[in-house]
Structures are given as C-alpha cells and as structure tokens.
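Here is the structure we will look at, set down as structure tokens.
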Number of protein chains: 2
Amino acid sequence: MFSKFLSLEKEKQERILNAALKEFAQKGYDDASTNEIVKEAGISKGLLFHYFNTKKDLFLFLYDYSVEITKTEYYGLINTNERDIFTRLRQIYLLKLEVYHKHPWLFDFTKVAVYTESKEVKAEMESRKKDVLSTGYEKLFENIDVSKFKDGVDVKRAMKIIFWAIGGFGNEILEEVKELELSQVDYDGILSEFDAYLEMLRKCFYK
Amino acid sequence: MFSKFLSLEKEKQERILNAALKEFAQKGYDDASTNEIVKEAGISKGLLFHYFNTKKDLFLFLYDYSVEITKTEYYGLINTNERDIFTRLRQIYLLKLEVYHKHPWLFDFTKVAVYTESKEVKAEMESRKKDVLSTGYEKLFENIDVSKFKDGVDVKRAMKIIFWAIGGFGNEILEEVKELELSQVDYDGILSEFDAYLEMLRKCFYK
DNA sequence: TAACTTTTTGACCATAATGGTCAATAATAT
DNA sequence: ATATTATTGACCATTATGGTCAAAAAGTTA
C-alpha cells in the first residue's frame, strides 16, 4: 500500500516523515495542513497524495511508523535485567535522547495521536490502541530491586521522586538540544551533570 | 478602550475571557478562531467585535489581563519572608492550584503568548515583554535559607531536584483536577500526599 | 537516438473557514 | 411611547482546505 513511498531513498523518506510528524504534532489532526507538510518537506502537493492517498492514511501510517520506531529503538532496547533503578533510568534517558535526536517530533506526535478527539481518525486510533505495547511507563519500573532502598523509605514515592527529577532534568536538556545537530551536543557534559544528579538521589534513597 | 467589556457582569466577562484564553492557548494566535471563541462563550460574533475591535486587540488585552492576574493572584502573593524552601514551595503550589482552578488556561495562554512567532502580534509582544515582572522562577528561590541543607550537599542541584519533584507532582495533580469543579477536589487528600513527598525530600537534603 | 515507463510538478477544483461588518432586533431606561 | 443600549447573525471578500490530473521531467531500455 505504501510501497511507493517505502522504496524512496531514506533521506527523502525522513524529510517527508519529519515534516508530517511535526505538523500533526503541533496542530493535531484536524488543524494540520497538508500544504504546510509539503512546503516543509520540499515536495509538491501531488507527490504527497501520490504516496499516501489521503490525509487520514498519512496520519495512520505515521502512527504505525511511530509505534514501530518506539518499539524497536526505545522500549525494545530497555534492559529490564538491570535491576538498579538509577542505572536503569540512566540507560533509558540516554536512549530517549538518542531517539529524540533522530525523530524530534515522534514523542509529541504519538501523544497527540493517542489523545486526538478528531472524528476523522478517532475510531481507527481507538482500535489501534487496544493492541498497543504495555505503556512503557510500567516497563520503566519493572523488576527493580527494591531491597537497595534504605529501610523505612516509601519505595513507591521514592521512585516517583526519582522519576520526576530525571524527567525534569531530561526536559531541560531536551529544550537546549532540540535545535542542535547531533554533533554539536556536548554529550560528556550532559552525562556528567546527569550523573551528579543520580548520585545525589542515590545518596538520598539507597542504603 | 475596553470599558464596554469591563462593565459587563463578572460572570459573562469570565465566560468570554476563558473561552478566548482557551482557544489562543490551544491553537496559538494565527490558528485561533474567533468563531470558536464566540461559540464557546455563548455570544454572537458581532458582540465579540463590539467589545474588542479586532482579534489582535483581544489577544493583547488577554495578555495584559493575564499578566495582571498573575501578578496579583500568584507572584504577588508569594511570601519571600518564608525562608524554608519546602514551606515556601508548598505555599506556592497551593497558590498555583488555586489560580489554575480559577483560570484554567491562563498559564498555557501566557506561555503561548510569550513564545508566539506570529507576525501579527510578535512586535507588540516583544515590547511588552521588556517591562515584565521578574520571571517568577527566580522569585521561587529568592532569599532561601541555604544553611538548613546538610553540609556537603550541592544546594543548587538539590533545589533543582526539589523543584522538579514538586513540579512533577503538581502536573500529575493538575491533570487529574483540570476537569473537576473546585468543590469536587479532595484538597485534604492532595495536601497530605504532597506533604509526604515534601517530608521525604526534607529528610534527603536537610540537616 | 527514440520509445516507453516512472516520478514529480503545480495550477486548479469545489468547499469551507477566516476576520470583520452592519442593518435590524431585543432589552432596558426614561 | 420614546430613546438608548446591547445583541444578533446573515453576509462579505478573502484565504485556506484536501484532493485531482494533465503534463512535464527524469530515468530506463532499445
């Protein structure tokens, strides 16, 4: 069905995909404009509809594509054998940073798609959401070794604090990094800053 | 200039204001529709333009209104004499929850307004931003008593962690609470949950 | 070279939505 | 009953929408 599109060179595919993800992520299904997408992607109107019949088909293709990427490049790579929550979350956030760089609008798009209220696509989204991977949020905390926490610490709450703190740090970094090229990012600086925070939290909650 | 609008009954004013704040907050200046606003506010098209000449005037009025509210009902009420960071942030977040309830779209709108790229209003926003109140973020941490922190703790980082954790908690609550009526909100439950988190953080970082 | 296939274009549709107007109606005050 | 004010919504020109399609450009095969 999308074979024509899929046999394009990767670079062009990505350009179109990114443009479309961005537009939908920013405006939602109804308000997203195919004109904007083709302008941003640098292709003609006709070509977009040549690849993806309709706006709706494009949207649903993007969703399936996003789920696939999320599975193979994010959730699928989370190592649930790592039972130390700090090491685990460290790994996960580095992963997320990478995915973010390769697909800057993927997470935003997924969120918009899942929560869309648009009549045109809601039904299709609803049926897709049924066979979705476990939310991932659960996966973050799956099989964590709780015996490492100090006695008397409410582990659930502690994990939430850790989660929020890392999320806050992550968002701050993401803001800074969003515009930059991968090569411009000071990975080492970010990492040592990150580790300083993890170390503080470890001292707070671990034995 | 907006005297006609300002002499309306408060209830109607609020209805119009909230509808407009919501539409602009959700779609940004360019994509916001005055038709949507009047529909949501339950007034006729003509009336909106009778009160606020143009879409642009409405937008700028809303911004000034938002700044005013933020000043008088939020930043202005922060007690910087309270030097304990936990007590301070506790107070601030309760305040924020209240403002959120009275004006659910105010914070989102302000953000959208400040970051807008729309040609129609960018210049006016730029000049307004100059004489803006200190960002508030600074005010959160102004005059905090750092001597209460454990020796050897990097206070700056600790405060960030505290800030992120509270922000995370706050957002979670906001999500839950957004739709509800003020009377339906289980303030006591939220508060005791909040206090449990604050207590944990206090144990982490205070002497 | 020429014939044929595939990819790509953008001017062009009907339709719908946009910000804004204004004569006319309804509500209120005198 | 008259004058004033508040409110309506059909209407306007303009712009944007998702989608089409004949034709041009690029690529392939001979």
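Below, read A as the first sequence line, B as the second, and so on, with proteins coming before strands; counting in each chain starts at 1.
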The ring pair (Phe, Tyr, Trp, His ring centres under 6.0 Å) partners of A:W105 (sequence neighbours excluded) come to none

Could you write nucleotides 21-30 of chain C as a row of B, S and -, 5' to 3', where a protein heavy atom under 4.0 Å of any base atom gives B, of only sugar-phosphate atoms gives S, and otherwise -? BB--------

Less than 4.0 Å between a side-chain N and a carboxylate O, is that true for B:D84 and B:R202? yes

Listed partners of B:F149 passing ring pair (Phe, Tyr, Trp, His ring centres under 6.0 Å), at least two apart: B:Y206

Should B:K10 and B:E14 count as an ion pair when the cut-off is N to O under 4.0 Å? no

Listed partners of B:F205 passing ring pair (Phe, Tyr, Trp, His ring centres under 6.0 Å), at least two apart: none

My understanding is that only residues two or more places apart in sequence, or in another chain, count here; which of them pass salt bridge (charged side-chain N to carboxylate O under 4.0 Å, His left out) with B:E176? none

Have a look at B:F52 and say if it touches a base, only the backbone sugar-phosphate, or nothing, with a 4.0 Å heavy-atom cut-off. nothing

B:T110 side chain to B:L106 main-chain N or O, any donor-acceptor pair under 3.5 Å? yes

A:K12 near the nucleic acid: base, sugar-phosphate alone, or nothing, with a heavy-atom cut-off under 4.0 Å? sugar-phosphate

Check side chain to side chain donor-acceptor pair (under 3.5 Å) between A:R90 and all other residues, then give those that pass, not counting sequence neighbours. A:D195

Heavy atoms within less than 4.0 Å of DNA chain C: which residues of residues 14-41 of chain A have one? Give them sorted by number. none

Would you work out how much the helix from C:dT1-D:dA30 to C:dT30-D:dA1 bends between its ends, with each end axis defined by five base pairs, to 10 degrees? 10°

Taking ring pair (Phe, Tyr, Trp, His ring centres under 6.0 Å) as the definition, give me every residue that meets it alongside B:Y74, ordered by chain and number, with sequence neighbours left out. B:F107

Shortest non-hydrogen contact between A:F109 and A:S66, atoms and distance: CD2-OG, 3.5 Å

Give every residue pair that meets the salt bridge (charged side-chain N to carboxylate O under 4.0 Å, His left out) criterion with at least one member in residues 43-65 of chain B, sequence neighbours excluded. B:K56-B:E124, B:D64-B:R128

Categorize B:Y51 for me: base, sugar-phosphate, or nothing, with a 4.0 angstrom heavy-atom threshold over every strand shown. sugar-phosphate

For A:R15, all residues meeting salt bridge (charged side-chain N to carboxylate O under 4.0 Å, His left out), sequence neighbours excluded: A:E11

Show the distances under 3.5 angstrom between N or O atoms of the protein and N or O atoms of nucleotides 27-29 of chain D.
none

